[in-house]
*Asks:* 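Right, I'll just put the structure down here and ask away after.
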Amino acid sequence: MSDKIFNGLNDKQIEAVKALKGPVLVISGPGSGKTKCLTHRTANLISNSVRPENILCLTFTNKAADEMQERIGHLLGRKYPTNLRWQFINPYVPLIGTFHSVCLKILRREIEILGYGRNFNVLDGDDQTALVKRIMNDIEIDTKRYNPRIILSKISGLKTELISPDNAPKNDFYSQLVARVFSQYQHQLKKMNALDFDDLISFTVQIFKTRPDILEKYQDIWQYVLVDEYQDTSHDQYQLIKLLSQKNKNIFCIGDDAQSIYQFRRADIRNILNFQKDYPEAEIVMLEQNYRSTKNIIAAAQEVISKNKSQISKELWTENDHGHKILIKETLNERGEANFVVQNIVNLANNGKSLNDFAVLYRTHAQSRAIEEALISHGLPYHIVGGIKFYERKEIKDILAFLKFINNPADAISFERIINIPPRGLGNAVLEKVSQKNESNIVEAMAQIIDDGLAPKQTNSLKAFRNLILDLRNRAATEKLTQLIKHVIEKTKYEEYLKSLSETKLAYENLEERSENLRELLTVAKKYDAAGNPSQDEETGLAKFLAEIALLQENPVADEVAQKVTLMTMHASKGLEFPNVFIVGMEEGLFPQNRAIIDPKELEEERRLCYVAITRAKERLILTHTKYRSIYGSTESNLPSRFIGEIPAHVADYKFFDFGNDEETINYL
DNA sequence: CTGTCGTTTATTTTT
DNA sequence: TAAACGACAG
């Protein structure tokens with residue numbers, strides 16, 4: 001066992017893996033074997049007689065949690081029964097989960113002391129925006145003048161800083177406005193017995209702070225806490241970790257301040273920069289050896305990131321070859337850029353490279369279009385990571401809204417979504433009446449409105465809708481989840497509705513794909529068919545499904561058979577690697593973005609993003625910029641990105657646009 | 001309530 | 001450029 005744990009590790013990695021007690025911070029450069037370090041250290045704990053159930057491992061994504069689970073199991077050579085995996089205290093495996101999913105589990109047990117019911121709902125981002133909008137309309141704040149999404153983001157900012165509506169700053173008009181919406185927002189959530197993502201964390205912290213007895217219970221369960229991607233933790237997550245590890249002080253954090261690219265999402269880089277201040281006795285390990293990239297790529301990355309001021313100083317190095325020089329190419333415009341990229345892919349692919357070996361990275365999604373067009377015209381298959389997410393598709397959200405409303409008749413957000421889907425002649429008029437009723441059970445409110453009387457047409461329609469919901473609710477109590485979903489689709493005539501949508505010129509998205517998505521939803525749901533019956537305190541398959549779905553916003557992974565070029569934003573590329581990486585749009589104003597140019601803090605974040613993007617490449621790195629680019633319809637001329645200038649000249653080849661010789665001239669003339 | 005037409009606005013987004 | 005939103009007429 002111990003052989004297996006230390007085999008193939010370098011000295012620094014071994015040092016980290018052997019650091020079992022007390023606070024430990026591991027700074028892990030890109031490609032330095034971070035996951036290996038985390039998993040082997042966890043395995044080492046277990047082989048040193050720490051019980052798996054006493055270990056908690058926190059990640060940011062489900063994907064990271066799954067991967068770690070898989071690798072630890074593999075390392076320990078045990079096949080754990082997967083159905084036990086999500087059990088709260090599991091004698092076989094450490095609890096490995098996202099911050100949000102772990103807090104969800106805690107709150108399912110403890111939330112009653114905050115006056116919420118245990119079966120609370122979790123709102124997704126769209127639900128939140130919808131709620132803020134509704135509140136702003138209710139309290140008569142002009143949503144045109146004050147962007148609800150910005151208000152929501154301010155509210156979310158306050159929540160991550162653990163500030164309650166009462167304590168929200170009210171020193172100017174705008175902050176007063178935010179505070180007013182915030183207060184209503186929390187009120188409405190409570191009425192719906194719903195939590196947003198921020199609440200999952202902050203409520204847990206709140207309980208831990210006010211109830212030392214409860215906190216201690218969890219401290220005794222999780223005597224060892226591990227945190228992945230520590231540079232991305234926000235203030236509330238920081239507090240959570242701090243509280244949990246206060247008693248035993250066995251806190252192991254791993255991350256890389258140079259790869260912190262989510263400050264716009266309230267990641268607080270000070271958490272990692274100040275770790276030593278928080279824990280003066282902390283052991284610090286630096287993983288600086290890179291196993292991924294060539295020397296040239298590492299030199300470029302290192303030189304770029306060195307221009308940042310606030311960082312933990314470190315030097316990436318590698319034993320790999322120097323490899324190819326970094327190719328920096330100027331083209332006439334974005335079409336030329338796209339053709340250049342695709343032409344290079346074609347050439348390399350003809351030399352036997354798999355299309356899976358290529359990634360094209362860009363700063364904004366809008367840039368994908370030109371690349372896609374070029375790929376299509378060359379007949380190369382591709383897939384885009386990110387973009388429209390599965391659970392954000394209209395048809396999925398519609399069906400989920402039905403399920404949520406069936407599950408929780410107080411869910412006003414879902415009710416609002418489905419009341420007229422498919423169109424049944426109900427809308428604002430009914431919504432108004434419902435909110436006047438001040439009755440949190442909306443099925444009840446509907447009955448009252450029917451009694452009060454409406455226009456005959458509407459009354460009938462509302463009756464039919466209410467009966468539909470009642471019928472579905474009855475079914476929910478007895479049927480398996482997939483059966484229930486099939487009934488929702490059937491009884492609402494949802495497929496017919498989709499068909500009618502696809503006939504109007506607006507809905508150019510094809511019907512086939514949407515039906516396919518519904519089938520995919522059924523596939524996901526199938527896993528919950530076996531889950532508990534609605535007896536006792538066991539959750540129903542439906543409730544379990546809804547709770548987990550809310551925390552699972554990624555696309556269900558399709559089994560990739562065909563080879564494809566990968567397109568994605570630089571943000572989405574974090575954690576991935578490809579033999580050949582193209583970074584397009586290396587221009588001032590685009591990357592770094594205009595707004596980052598005037599703000600040193602934001603510029604540093606852009607530079608870290610550049611560092612992340614560069615270090616995705618294993619063998620070949622190609623950067624492109626254009627003389628002219630059309631942005632929002634007008635053509636602009638940008639200077640090459642300063643980041644290009646920061647790459648040492650001796651590791652790069654520069655190719656300038658050659659009018660008359662470059663292929664794009666032909667397109668241009 | 002529904003569809004159409006003009007107006008507005010424009011990152012990144014693990015949960 | 002284009003998608004998304006809100007105002008207004010049917």
*Asks:* Is it the case that more than 12 heavy atoms not belonging to A/Glu432 sit under 6.0 Å from its CD atom?
*Replies:*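 12 or below, so no.
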
*Asks:* Would you say a side-chain N or O of A/Ser630 is under 4.0 Å from OP1 or OP2 of C/dT1?
*Replies:*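 Looking at the OP1 and OP2 atoms of C/dT1, neither is under 4.0 Å from any side-chain N or O of A/Ser630.
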
*Asks:* Between B/dT11, B/dT14, B/dT13, spot the one nearest the side chain of A/Thr61, thanks.
*Replies:*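 Within the option list, the nearest is B/dT14.
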
*Asks:* So, is A/Asn62 close to the B/dT14 phosphate, meaning a side-chain N or O under 4.0 Å from OP1 or OP2?
*Replies:*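 Answer no for this pair, as no side-chain N or O of A/Asn62 is under 4.0 Å from OP1 or OP2.
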
*Asks:* Does C/dA3 have its OP1 or OP2 closer than 4.0 Å to a side-chain nitrogen or oxygen of A/Arg369?
*Replies:*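 Yes, because at least one side-chain N or O of A/Arg369 sits under 4.0 Å from OP1 or OP2 of C/dA3.
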
*Asks:* Side-chain atoms of residues 140-147 of chain A: list all donor-acceptor pairs with protein atoms under 3.5 Å, sequence neighbours left out, distances to 0.1 Å.
*Replies:*
from, atom 1, to, atom 2, distance (Å)
A/Asp142, OD1, A/Lys144, N, 2.9
A/Asn147, OD1, A/Arg149, N, 2.8

*Asks:* Please evaluate the base of B/dT12 for a donor-acceptor partner in the side chain of A/Arg265 within a cut-off of under 3.5 Å?
*Replies:*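 Checked by distance alone, the answer is no.
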
*Asks:* Report the residue (A/Asn428 or A/Glu602) whose heavy-atom-nearest nucleotide on DNA chain B is the more 5′ of the two.
*Replies:*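 Residue closer to the 5' terminus by nearest nucleotide: A/Asn428.
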
*Asks:* Does A/Ile261 offer a backbone N or O that forms a donor-acceptor pair with the side chain of A/Arg608 under 3.5 Å?
*Replies:*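 No; zero donor-acceptor contacts below 3.5 Å.
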
*Asks:* When we call it a touch if two heavy atoms are under 4.0 Å apart, what does A/Ile631 touch: a base, just sugar-phosphate, or nothing?
*Replies:*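 A/Ile631: no heavy atom of the nucleic acid under 4.0 Å.
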
*Asks:* Measuring to OP1 and OP2 of B/dA10, would you say a side-chain N or O of A/His365 lies under 4.0 angstrom away?
*Replies:*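 No, A/His365 has no side-chain N/O under 4.0 Å of OP1/OP2 on B/dA10.
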
*Asks:* Using the rule for Phe, Tyr, His and the six-membered ring of Trp, do A/Tyr262 and B/dT12 stack at under 5.5 Å and under 30°?
*Replies:*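 Stacking between A/Tyr262 and B/dT12: absent.
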
*Asks:* Determine whether a donor-acceptor pair (N or O, by modelled atom type, separation under 3.5 Å) exists between the side chain of A/Arg292 and the backbone of A/Arg616.
*Replies:*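 Here the side-chain-to-backbone pair does not exist.
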
*Asks:* Could you pick out which residue, A/Phe264 or A/Asn420, lies toward the 5' side of DNA chain B when each is mapped onto its nearest nucleotide?
*Replies:*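 Its nearest nucleotide lies further toward 5', so the answer is A/Asn420.
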
*Asks:* Considering only B/dC1, C/dA3, B/dT13, which nucleotide approaches the side chain of A/His571 most closely?
*Replies:*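 The answer is B/dT13, which lies nearest to the side chain.
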
*Asks:* A/Thr364 side chain: which of B/dT15, B/dT11, B/dT13 is closest?
*Replies:*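 Side chain of A/Thr364 sits closest to B/dT11.
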
